Amino acid sequence: MEAYSRNLDVANGHVDLSHGAGGRAMGQLIEGIFHKAFDNIWLRAGNDQSAFTVPGGRMVMSTDGYVVSPLFFPGGNIGSLAVHGTINDIAMAAARPLYLSASFIIEEGFPLADLERIAESMGVASRGAGVPIITGDTKVVERGKADGVFISTSGVGVVPDGLDLRADAARPGDAVILSGSIGDHGIAVMSKRENLEFDAAVVSDSAALHGLVTAMVEAGGRQIRLMRDPTRGGIAATLNEIASQSKVGFHIDEEAIPVKPEVAAACELLGVDPLNVANEGKLVAVAAPEGAKAILAAMRAHPLGREAAVVGHVVADDDCFVQMATSFGGGRIVDWLSGEQLPRIC
Amino acid sequence: MEAYSRNLDVANGHVDLSHGAGGRAMGQLIEGIFHKAFDNIWLRAGNDQSAFTVPGGRMVMSTDGYVVSPLFFPGGNIGSLAVHGTINDIAMAAARPLYLSASFIIEEGFPLADLERIAESMGVASRGAGVPIITGDTKVVERGKADGVFISTSGVGVVPDGLDLRADAARPGDAVILSGSIGDHGIAVMSKRENLEFDAAVVSDSAALHGLVTAMVEAGGRQIRLMRDPTRGGIAATLNEIASQSKVGFHIDEEAIPVKPEVAAACELLGVDPLNVANEGKLVAVAAPEGAKAILAAMRAHPLGREAAVVGHVVADDDCFVQMATSFGGGRIVDWLSGEQLPRIC
Amino acid sequence: MCLAIPVEVREVLPDDMARVTLDGVSKIISTALINDVRPGDYVILHVGYALTKINPEEAERTLALIQEAAMGNAT
Amino acid sequence: MCLAIPVEVREVLPDDMARVTLDGVSKIISTALINDVRPGDYVILHVGYALTKINPEEAERTLALIQEAAMGNAT
Amino acid sequence: MKYIDEYRNGRLARDIARQIALTADPARSYHFMEFCGGHTHVISRYGLEDLLPDNVRMVHGPGCPVCVLPIGRIGAAIALAMRPEITLCTYGDLMRVRDKNGWSLLKAKAAGADIRMVYSTLDALKIAEAEPQREVVFFAIGFETTTPPTALVLKTAIAKGLGNFSIFCNHVLTPAAIHSILESPDVSKPGTIKIDGFIGPAHVSAVIGTKPYEFFAEKFRKPVVVAGFEPLDVIQAVLMLVRQINDGRHVVENQYIRAVTRLGNVKAQAEVANFFELRESFEWRGLGELPLSGLRLRPRYAAYDAENRFSMVTVTAEDNPACECGSILRGVQKPADCKLFGRVCTPDTPMGSCMVSSEGACAAHWTYGRFRTKARQPDAGRAVA
Amino acid sequence: MKYIDEYRNGRLARDIARQIALTADPARSYHFMEFCGGHTHVISRYGLEDLLPDNVRMVHGPGCPVCVLPIGRIGAAIALAMRPEITLCTYGDLMRVRDKNGWSLLKAKAAGADIRMVYSTLDALKIAEAEPQREVVFFAIGFETTTPPTALVLKTAIAKGLGNFSIFCNHVLTPAAIHSILESPDVSKPGTIKIDGFIGPAHVSAVIGTKPYEFFAEKFRKPVVVAGFEPLDVIQAVLMLVRQINDGRHVVENQYIRAVTRLGNVKAQAEVANFFELRESFEWRGLGELPLSGLRLRPRYAAYDAENRFSMVTVTAEDNPACECGSILRGVQKPADCKLFGRVCTPDTPMGSCMVSSEGACAAHWTYGRFRTKARQPDAGRAVA
Ligand code: SF4
Ligand code: SF4
Ligand SMILES: [Mg+2]
Ligand SMILES: [Mg+2]
Ligand SMILES: [Mg+2]
Ligand SMILES: [Mg+2]
Ligand SMILES: [Mg+2]
Ligand SMILES: [Mg+2]
Ligand SMILES: [Mg+2]
Ligand SMILES: [Mg+2]
Ligand SMILES: [Mg+2]
Ligand SMILES: [Mg+2]
């Protein structure tokens with residue numbers, strides 16, 4: 001006698017505490033939403049962990065928590081973001097992402113319809129990237145103890161032989177390559193924030209970059225010193241991080257950095273600098289000067305790197321300054337953002 | 001000129017939104033608390049992912065989110081739990097856990113001192129288990145949008161050659177081995193819940209089981225059909241899960257299942273069945289009958305398996321019933337818990 | 001119905017409250033529904049209240065009756 | 001101080017409000033501090049309020065003056 | 001655990017069961033109703049039915065306050081809890097009970113209602129004191145055992161002058177329900193199972209004593225044994241009932257002499273009498289309207305009566321017509337006789353009162369005993385001893 | 001972006017800079033104070049200082065309302081926000097400013113205070129309407145530009161009869177501050193840098209017009225050019241100032257004719273006058289008490305004045321004595337002259353007003369320009385063009 005369960009009322013139902021209690025309701029939620037959306041043999045095996053075979057050699061592992069607010073934004077949602085973001089952190093090691101895990105922390109009362117939409121986006125993103133979500137976990141917390149849903153994804157990948165990208169590998173003279181226009185993700189999300197409300201035709205750039213990275217590695221893998229995806233804190237934070245880890249400085253050319261007009265406009269409106277705004281489908285690569293041209297050409301031939309450009313180069317600098325030549329011919333420092341609090345008046 | 005930062009005021013300070021904003025304050029929090037507590041070469045490399053070398057073959061990956069309330073309980077805290085729990089899910093595949101990742105979602109206002117205590121417990125647990133936390137992530141959400149701190153850990157491990165444990169592998173006649181007394185973790189946590197408040201000398205059994213598993217594998221690896229750690233939902237949930245995945249039934253002997261007197265007493269007080277209470281340092285193994293004796297002996301020789309016992313066996317049953325012979329000589333079904341809501345009156 | 005169990009009173013507290021234990025598990029409960037509570041008393045605990053005291057002699061007698069019944073002696 | 005930028009009024013709304021845009025970015029603001037707002041007007045926006053209108057002729061004239069200055073002609 | 005463990009001795013239980021088999025007249029059958037869900041739970045949990053001879057059968061009664069709560073009153077509580085100013089405090093048992101729309105307090109909480117699970121009435125009072133801007137309503141259910149704590153909290157709230165605390169009273173009375181079962185035409189109809197005696201709940205009698213059963217033991221000539229909730233208590237009570245039947249007696253006997261007296265807890269009774277009065281009639285899910293079977297707050301405490309204070313409306317709702325709870329609660333049918341059992345009706349998706357709480361007859365059979373129904377068919381597994 | 005992009009033309013800027021170099025008298029130096037932090041920001045952000053000839057130097061003034069807010073008033077706001085009944089609404093700029101104990105609104109929020117960042121005074125009003133049980137206080141700061149929105153929200157709150165809304169007023173006046181700088185003994189002391197002219201903030205003048213500067217342009221014989229906030233606006237203003245100096249003129253000129261008139265926004269001025277009155281004196285962080293330099297609510301609106309309504313207490317507190325803000329704000333020193341700059345004083349750990357907001361002189365130098373200080377030393381890097 002199989003236990004009968006009422007179907008999940010996805011259209012009108014909410015996540016309640018029983019969906020996290022380890023009983024049948026939880027199994028039903030996981031089956032009816034996550035397994036259905038992610039659909040693969042690993043999840044179907046129903047273990048607490050999932051197994052796979054690797055060839056041996058260097059691997060990488062990464063994790064990120066996603067707490068974006070609002071959960072849905074132009075160009076994606078927390079689910080697609082959680083897939084792309086972790087794939088990208090794997091890809092930034094020049095690794096080929098293999099598998100993902102996903103841990104959900106859901107607030108009591110969260111609409112099942114929204115959860116399904118998020119899970120479906122994850123399924124689409126993961127299949128699109130060819131990186132399956134092979135294991136997961138679901139917790140439900142009381143109303144007021146989370147913010148809708150939080151997702152932590154982790155991923156593993158394999159590093160092609162002979163590649164070893166390191167945060168401290170940038171050398172004076174190296175080229176700094178940016179894969180495309182900046183600020184799209186952050187502005188798309190901010191445009192939907194309750195307290196900032198504005199409308200902008202800006203769509204998050206959220207995308208999985210491992211295909212672009214593969215193209216770059218083929219064109220000049222050994223010439224790539226390191227890569228970073230400029231997420232929280234924007235390219236300003238990324239460049240400063242690299243500068244201090246590699247103990248070098250950067251000279252960047254403002255005019256070489258692509259910014260979409262709508263993004264620039266929204267930045268004006270909010271009084272923020274696009275250099276500080278988050279991206280979710282862009283990368284910054286530091287490459288040996290002799291490899292920059294080939295890498296750049298390979299990037300431009302890839303759909304996610306069409307606007308790629310050399311935006312500056314590495315200099316020796318004990319102060320690890322990231323300096324930028326402005327479009328005026330003046331110079332300025334590009335600093336970390338000191339924890340910007342929006343909205344501002346001045 | 002290195003940027004000057006005030007030291008983290010760990011004794012009196014709170015996590016604020018700037019600690020999650022991707023700027024210097026965040027770097028300081030991660031350095032001053034997590035890197036310090038986890039202390040290893042991978043984290044020190046400062047990448048968005050961490051690299052390691054594997055021999056090749058079968059690997060496993062697992063993830064779990066930890067949302068325990070209260071965060072500190074007798075015998076551990078959310079941090080040690082997050083390390084042990086994921087190690088155990090890896091170990092349940094008979095795999096040797098290699099590396100962990102940790103993703104923190106922290107509520108604005110969380111005391112830095114508590115965060116440090118949690119991180120230190122994770123460091124101790126991870127070093128104790130020989131499984132380093134090699135990569136992580138930190139997010140801060142506004143007050144009222146989380147519950148202190150949530151941690152999601154993921155882990156990877158390697159499966160010894162020739163072992164392939166599967167949820168559907170239980171066969172009629174197989175022995176069911178339990179590694180020790182049940183209910184300790186759940187009761188330890190409940191004893192500190194605000195609305196249940198009682199005092200019990202019960203300590204969580206939270207522990208990393210991979211050492212025990214190694215001993216079991218050495219004693220009779222090929223005879224182990226599958227293993228599970230009976231966490232949420234207790235051994236009742238675990239046995240029912242296995243029963244329905246393997247399409248078998250279980251016959252369990254109540255008197256063979258060890259329950260500590262304090263745990264039994266607390267269960268009486270709360271009106272719960274220890275079979276439904278969570279464990280965090282116990283495992284249930286299903287083993288071919290010919291291997292059970294050797295495996296049991298190996299378990300009993302290990303500190304975490306001293307009370308190990310054969311508690312029943314697998315039977316053919318299309319209904320996948322988990323039946324238990326009570327200490328009265330009667331029989332009953334052991335069912336999933338239908339989302340127990342505590343406290344109850346009847 | 002009516003989850004209720006025997007617990008031992010360990011400490012009589014102000015405001016008709018008492019600390020009770022059950023095999024090392026202890027809890028604060030109300031004794032406002034019963035009279036003359038003393039440490040060492042056993043009471044029946046239900047939803048945080050002591051409902052009545054256990055009479056130790058009658059408990060002994062019950063066990064004796066059960067033993068007899070098991071041996072086939074009429075009660 | 002005083003982050004403020006020129007935006008174009010697209011729609012005049014009830015209660016002294018208006019929808020304004022800046023290169024495709026649009027926002028609802030208050031126009032209670034100025035008079036006679038019309039679609040097509042450019043206003044200076046500060047903390048959600050239009051502070052004043054932009055005079056297009058003067059803007060032209062400023063640009064001309066800047067051009068002249070760049071060429072070395074005294075203003 | 002003193003006063004617990006000694007009553008859980010399996011060997012003694014088997015010995016007594018053997019005596020029951022020896023004592024019971026093989027030429028007849030014995031049907032005893034354990035009124036109380038607590039007994040139903042113990043019987044199922046310890047598999048006591050396996051110990052009893054085939055001609056001594058237990059019939060599961062309606063003694064679970066969660067099961068018998070009419071779904072209309074759950075609906076009313078949900079509607080109240082959805083009001084923004086209300087904080088509804090409830091024992092955890094009620095969280096999963098569904099109203100006629102399939103809603104439950106659990107779902108209402110998920111949808112935004114402020115619902116708090118409490119262990120004790122004192123916890124509800126603490127909430128009312130700590131949050132004076134909230135209207136705190138205690139959702140009171142339970143038999144005579146659970147009523148005195150409600151009376152006491154009301155007393156304290158009044159003493160403290162708490163203006164934001166009230167009670168949604170659903171307290172019901174045990175003897176009234178047993179009386180009604182015995183008077184049901186079903187039970188007395190020829191050809192249906194007759195009930196030969198009752199096991200009465202010790203915890204109720206800890207408050208009310210054994211005396212209230214004397215009237216109908218006499219009137220209906222049915223023996224009643226008030227018994228404790230450990231398995232040896234229950235099996236001893238069965239033996240006591242078999243002996244009364246064999247002896248042709250029909251009196252109220254007290255198995256739980258260790259805590260139950262003939263008159264019960266007079267102090268507690270007085271507290272209850274001070275604050276509550278009988279309702280003319282109250283609906284019991286599965287049994288229908290039963291006269292003089294429920295309590296309400298006395299009119300002088302109307303300000304603390306949530307039904308009055310918030311003009312609560314209870315819409316009567318019927319269970320699925322195929323649900324056999326009514327017959328099951330009268331001992332006329334067994335859970336597995338119901339067409340819905342285990343198919344659309346399970347503890348996750350209860351269709352009738354007997355499936356609502358783990359103490360309901362159907363839920364207990366599902367949770368602990370359903371392999372037995374199966375065992376009647378060929379090839380099905382059985383638990384080993 | 002119309003009216004923005006055309007004023008950001010780098011080629012034109014370089015051309016004008018070349019004209020400035022040609023126009024400026026090589027035999028003398030020119031020191032111009034941009035009063036406003038917005039101008040400081042633009043100068044640093046676009047590296048305008050690199051374009052100017054060595055003998056034309058910018059001095060960064062005190063024109064940032066966040067920077068000049070006395071830390072005692074931050075402390076008072078924090079103390080108010082920590083009261084459980086209070087919801088403090090603030091522009092994001094104020095969140096990181098530290099009081100004398102190192103506390104900030106950011107930390108107070110983390111410690112449990114109910115602090116909400118708003119974009120507009122209207123947002124604060126919405127909160128007060130939506131949460132009538134909360135005392136909603138708007139933490140008002142800003143120069144003349146930001147005052148009219150505060151006046152309007154007060155008007156609306158009164159019209160709506162909102163009893164739970166009030167304002168903590170910290171609005172200050174631009175001309176008063178410039179006046180005080182010119183009167184400071186420091187500035188007139190021989191041997192210190194003299195200020196030869198001022199760039200006035202266009203957004204303030206959009207409200208007050210250019211007229212208020214006429215008095216001290218005349219009195220102190222200093223030219224003033226009211227300029228916009230795009231880089232071409234600023235560089236054109238510098239050229240205009242150089243020309244006035246060369247010509248021996250000292251008048252108020254309007255570079256921002258596209259939105260500023262001599263009389264300003266009369267409607268906005270009237271709204272402000274209706275609700276606010278001059279304080280006899282107000283403390284400016286880094287400058288000290290300045291007479292007639294700040295506004296408060298008129299007595300008839302005392303009920304809406306948080307200082308009055310909550311008996312707020314402001315304890316005066318001194319910055320680190322090594323902090324050179326006072327001199328910097330008067331143009332007497334430069335950020336890098338301060339011993340604390342970049343060592344213990346950074347935007348993450350500001351010790352004085354000039355480091356508090358990204359518009360402060362020290363913060364702008366740290367954030368955008370600190371490589372320049374370095375560049376004076378051998379071997380340091382320089383940005384490429
Ligand atoms: S199985 Fe369900 S529907 Fe059938 S009698 Fe029991 S409770 Fe009613
Ligand atoms: S660097 Fe800091 S301490 Fe020094 S003057 Fe500037 S603000 Fe004051
Ligand atoms: Mg990562
Ligand atoms: Mg990342
Ligand atoms: Mg899990
Ligand atoms: Mg929330
Ligand atoms: Mg990254
Ligand atoms: Mg897991
Ligand atoms: Mg787990
Ligand atoms: Mg990260
Ligand atoms: Mg919280
Ligand atoms: Mg597990």
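Chain A is the first sequence line, chain B the second, and so forth, proteins listed ahead of strands; every chain is numbered from 1. All values reported here derive from a predicted model rather than from experimental measurement.
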query = Centres of the B/Phe150 and B/Tyr66 rings: under 6.0 Å?
reply =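 Not under 6.0 Å, so no.
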message = Under 4.0 Å between a side-chain nitrogen and a carboxylate oxygen: does that hold for A/Lys247 and A/Asp168?
response =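 Judged by the 4.0 Å cut-off on N to carboxylate O distance, A/Lys247 and A/Asp168 do not form a salt bridge.
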key: B/Glu107/B/Lys145 salt bridge by N-O under 4.0 Å criterion   =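 No salt bridge links B/Lys145 with B/Glu107.
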At a 4.5 Å cut-off on heavy atoms, which part of [X] comes close to chain A: side chain, backbone, both, or neither?
{"X": "B/Ala25", "value": "neither"}
{"X": "B/Asn240", "value": "neither"}
{"X": "B/Ala278", "value": "neither"}
{"X": "B/Thr138", "value": "backbone"}
{"X": "B/Arg166", "value": "backbone"}

query = Looking at CD1 of A/Ile133 and CG of A/Leu43, how far apart are the two atoms once the value is rounded to the nearest 0.5 Å?
reply =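 Answer for the CD1-CG pair, A/Ile133 versus A/Leu43, is 8.0 Å.
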With a 4.5 angstrom heavy-atom cut-off, could you sort out which part of [X] is near chain B: side chain, backbone, both or neither?
{"X": "A/Ala93", "answer": "both"}
{"X": "A/Thr153", "answer": "neither"}
{"X": "A/Asp335", "answer": "side chain"}
{"X": "A/Leu100", "answer": "backbone"}
{"X": "A/Val159", "answer": "neither"}

inquiry  = Minimum heavy-atom separation for B/Arg143 and B/Gly109, please, with both atom names.
reply    =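 In this case the closest contact between B/Arg143 and B/Gly109 is NH2-CA, 3.5 Å.
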key: Plane angle bin for B/Phe38 and B/Phe104 - parallel if under 30°, tilted between 30 and 60°, otherwise perpendicular   =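 B/Phe104 vs B/Phe38 ring planes: parallel.
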key: Heavy-atom side-chain proximity of B/Glu142 to B/Leu17 below 4.5 angstrom   =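 They are in side-chain contact.
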task = Just give me the residue among A/Gly20, A/Ala237, A/Gly57 that pairs up with chain B most often, heavy atom to heavy atom, under 4.5 Å.
result =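 If we count pairs closer than 4.5 Å to chain B, A/Gly57 comes out on top.
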